[in-house]
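Reviewing the structure listed below.
All values below come from the heavy atoms of this structure, side chains included, with hydrogens, waters and symmetry mates left out.
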Amino acid sequence: MMMKTLTTFLAAFAIAPTLFAAPAPITGIVGAMDVEIEALLPKITDHRVVTIANHQFHQGQLADQNVIVTKSGVGKVNAALTTTLLIQHFGVDQLIFTGIAGASDPRVDPLDVVISTKLVQHDVDLTAFDRPKGLLPEQADRFFFADEKLQTRAYDAAVTVLGQDQVFKGIIASGDQFIADKQVVNQIHQEFSAMAVEMEGAALGQVAQAFDVPYVVIRTISDKADGSAELIYEDLKKATAHNAANITFQMLSAR
């Protein structure tokens with residue numbers, strides 16, 4: 001009888017690791033606009049939608065990975081709200097921001113891709129208090145640092161999709177304004193060494209860093225963020241957004 005009990009106990013113990021295995025990680029994928037996530041939505045399997053605070057969160061699997069894909073809306077507040085919900089409500093383990101941006105580095109052209117190494121809020125200005133631009137109170141650094149492993153995966157995925165000549169790693173600057181002035185974009189590049197300018201990434205980075213959640217921002221360039229922006233932005237918006245989505249899918253598939 002004792003031997004039978006011992007055998008039953010050992011069998012149960014052998015099964016226990018499976019019963020109590022850690023849940024599969026969840027990747028949060030964010031785009032600011034519909035066009036930046038619409039190429040991903042048809043690829044989601046076991047697709048279900050949850051709506052919170054007028055934001056739709058698309059849950060399911062992409063490339064056999066658990067994901068939540070959502071549109072944040074344009075601007076830093078929308079990005080911060082969405083990021084907080086993804087972390088606090090859905091418990092995502094990592095974050096990818098995918099979408100389009102303007103080039104601020106002269107070396108970067110439309111249809112190129114910039115993978116974030118660091119992000120900064122270019123419109124934070126407390127220079128009146130002898131603080132450098134971009135530096136918020138109670139923060140030691142004006143930059144928010146993207147996860148190095150996610151950077152590498154994003155870079156490799158982008159090279160697979162586009163080729164090495166079109167992929168860069170560097171600083172991305174965020175602010176609540178669409179930059180379409182050559183002088184302004186030059187100032188941002190000189191101040192922060194930024195390769196791209198957009199309106200959400202640094203806000204996601206600030207929230208993710210506060211919660212210690214790894215993240216990366218992937219931006220496909222739609223324009224030069226100068227006087228030519230209005231001429232080419234609309235023509236390239238969909239193509240660049242779809243490139244960003246394809247890179248994200250490739251990134252998940254390569255795991």
Side-chain angles (χ1 to χ4, degrees), residues 22-101 115-116 118-121 123-124 136-139 143-147 149-151 153-154 172-178 198-219 241 244-245 247-249 251-252 255:
I26 305 171
T27 300
I29 301 171
V30 186
M33 301 180 291
D34 286 321
V35 71
E36 293 174 322
I37 65 167
E38 63 185 9
L40 290 173
L41 298 184
K43 299 178 185 291
I44 298 176
T45 59
D46 193 22
H47 191 171
R48 54 206 181 276
V49 180
V50 176
T51 301
I52 304 174
N54 296 318
H55 283 64
Q56 289 190 333
F57 296 85
H58 301 265
Q59 296 178 280
Q61 286 79 41
L62 271 175
D64 296 323
Q65 306 295 325
N66 292 330
V67 298
I68 300 175
V69 181
T70 188
K71 179 186 76 171
S72 65
V74 172
K76 293 191 297 180
V77 172
N78 279 323
L81 169 64
T82 303
T83 306
T84 302
L85 287 172
L86 284 168
I87 295 170
Q88 289 284 77
H89 185 83
F90 294 99
V92 299
D93 300 283
Q94 59 185 11
L95 288 155
I96 301 170
F97 201 108
T98 179
I100 62 180
I115 309 298
S116 66
K118 298 183 286 187
L119 295 109
V120 64
Q121 298 183 56
D123 58 350
V124 168
L136 291 160
E138 300 180 3
Q139 290 194 323
F143 293 106
F144 304 100
F145 295 82
D147 181 75
K149 291 181 180 178
L150 289 178
Q151 287 179 47
R153 286 174 49 206
I172 296 175
S174 308
D176 280 321
Q177 55 193 131
F178 183 88
E198 36 90 300
M199 299 178 66
E200 297 85 24
L204 176 141
Q206 182 178 350
V207 174
Q209 192 163 298
F211 285 103
D212 197 27
V213 174
Y215 72 92
V216 70
V217 176
I218 305 168
R219 291 293 193 176
I247 291 165
T248 303
F249 188 77
M251 187 177 172
L252 294 172
R255 289 190 66 178

Let me check something: any side-chain donor-acceptor pairs from residues 47-54 under 3.5 Å, sequence neighbours excluded? List them with distances.
residue : atom : partner : partner atom : Å
His47   : NE2  : His58   : ND1          : 2.8
Arg48   : NH1  : Asp46   : O            : 2.8
Arg48   : NH1  : Asp46   : OD2          : 3.3

Exercise. What's the verdict on side chain to side chain contact (heavy atoms under 4.5 Å, CB included) for Ile87 and Val92, showing C-alpha distance, side-chain angles and the deciding distance?
Worked result: CA-CA 5 Å; Ile87 295 170; Val92 299; 4.1 Å; yes

Validation: residues 205-212 side-chain donor-acceptor distances under 3.5 Å, sequence neighbours left out:
residue : atom : partner : partner atom : Å
Gln206  : OE1  : Gln121  : NE2          : 2.8
Gln209  : OE1  : Phe145  : N            : 3.1

Seminar exercise, completed: Here the gap from Ile44 atom CD1 to Ile68 atom CD1, rounded to the nearest 0.5 Å, amounts to 10.0 Å

Exercise. Okay, side chain of Glu36, backbone of Ile100: is any donor-acceptor separation there less than 3.5 Å?
Worked result: yes

For this session: Report yes or no: do Thr70 and Thr82 form a side-chain donor-acceptor pair below 3.5 Å?
Result: no

Seminar exercise, completed: Asn78 meets the side chain to side chain contact (heavy atoms under 4.5 Å, CB included) criterion, sequence neighbours left out, with His55

Exercise. Does the pair Val213 and Leu86 meet the rule for a side chain to side chain contact (heavy atoms under 4.5 Å, CB included), with working shown?
Worked result: CA-CA 11 Å; Val213 174; Leu86 284 168; over 6 Å; no

For this session: Compare all side-chain heavy atoms of Thr27 with those of Ile96 and state whether any distance is below 4.5 angstrom.
Result: yes

Exercise. CZ/Phe144 to OG/Ser116 distance, rounded to the nearest 0.5 angstrom?
Worked result: 12.5 Å

Problem set entry | Separation between CG of Leu119 and CG of Leu204, rounded to the nearest 0.5 Å | 8.5 Å

Problem set entry | Summary of ring pair (Phe, Tyr, Trp, His ring centres under 6.0 Å) pairs that have at least one residue in residues 61-95, sequence neighbours excluded | Phe57-Phe90

Problem set entry | Minimum side-chain heavy-atom gap Ile247-Thr98 below 4.5 Å | no

For this session: Show the numbers, then the answer: is there a side chain to side chain contact (heavy atoms under 4.5 Å, CB included) between Val67 and Gln61?
Result: CA-CA 6 Å; Val67 298; Gln61 286 79 41; 5.8 Å; no

Exercise. So, do Lys149 and Gln94 sit near enough that their side-chain heavy atoms are less than 4.5 Å apart?
Worked result: no

For this session: Look up atom CG in Leu252 and atom CG in Asp64, then write down how far apart they are to the nearest 0.5 Å.
Result: 10.0 Å

Problem set entry | Verdict with reasoning, Ile29 to Ile37, per side chain to side chain contact (heavy atoms under 4.5 Å, CB included) | CA-CA 8 Å; Ile29 301 171; Ile37 65 167; 5.5 Å; no

For this session: Can you spot which of Thr84, Leu85, Thr83 makes a side chain to side chain contact (heavy atoms under 4.5 Å, CB included) with Leu81?
Result: Leu85

For this session: Could you list the residues that satisfy side-chain hydrogen bond (donor to acceptor under 3.5 Å, both in side chains) with Asp176, not counting sequence neighbours?
Result: none

Exercise. Partners of Glu38 by side-chain hydrogen bond (donor to acceptor under 3.5 Å, both in side chains), sequence neighbours excluded?
Worked result: none

Problem set entry | Interatomic distance, Phe143 atom CZ to Ile172 atom CD1 [nearest 0.5 angstrom] | 12.0 Å

For this session: Report the distance from atom CE of Met33 to atom CD of Glu200, rounding to the nearest 0.5 Å.
Result: 7.5 Å

Problem set entry | Pairs meeting criterion salt bridge (Lys or Arg N to Asp or Glu O under 4.0 Å) with involvement of residues 65-88, two or more places apart | Asp34-Lys71, Lys76-Asp123

Seminar exercise, completed: Those residues at least two apart in sequence (or on a different chain) that pass side-chain hydrogen bond (donor to acceptor under 3.5 Å, both in side chains) with Glu198 are Ser174, Arg219

Exercise. Which residue pairs pass the salt bridge (Lys or Arg N to Asp or Glu O under 4.0 Å) test with at least one member in residues 87-100, sequence neighbours excluded?
Worked result: none

Seminar exercise, completed: Across all chains, not counting sequence neighbours, the side-chain hydrogen bond (donor to acceptor under 3.5 Å, both in side chains) partners of Ser72 are none

Problem set entry | Test side chain to side chain contact (heavy atoms under 4.5 Å, CB included) applied to Lys43 - qualifying residues, sequence neighbours left out | Leu62, Phe249

Exercise. Taking C-beta and beyond as the side chain, do Val216 and Asp147 meet within less than 4.5 Å on heavy atoms?
Worked result: no

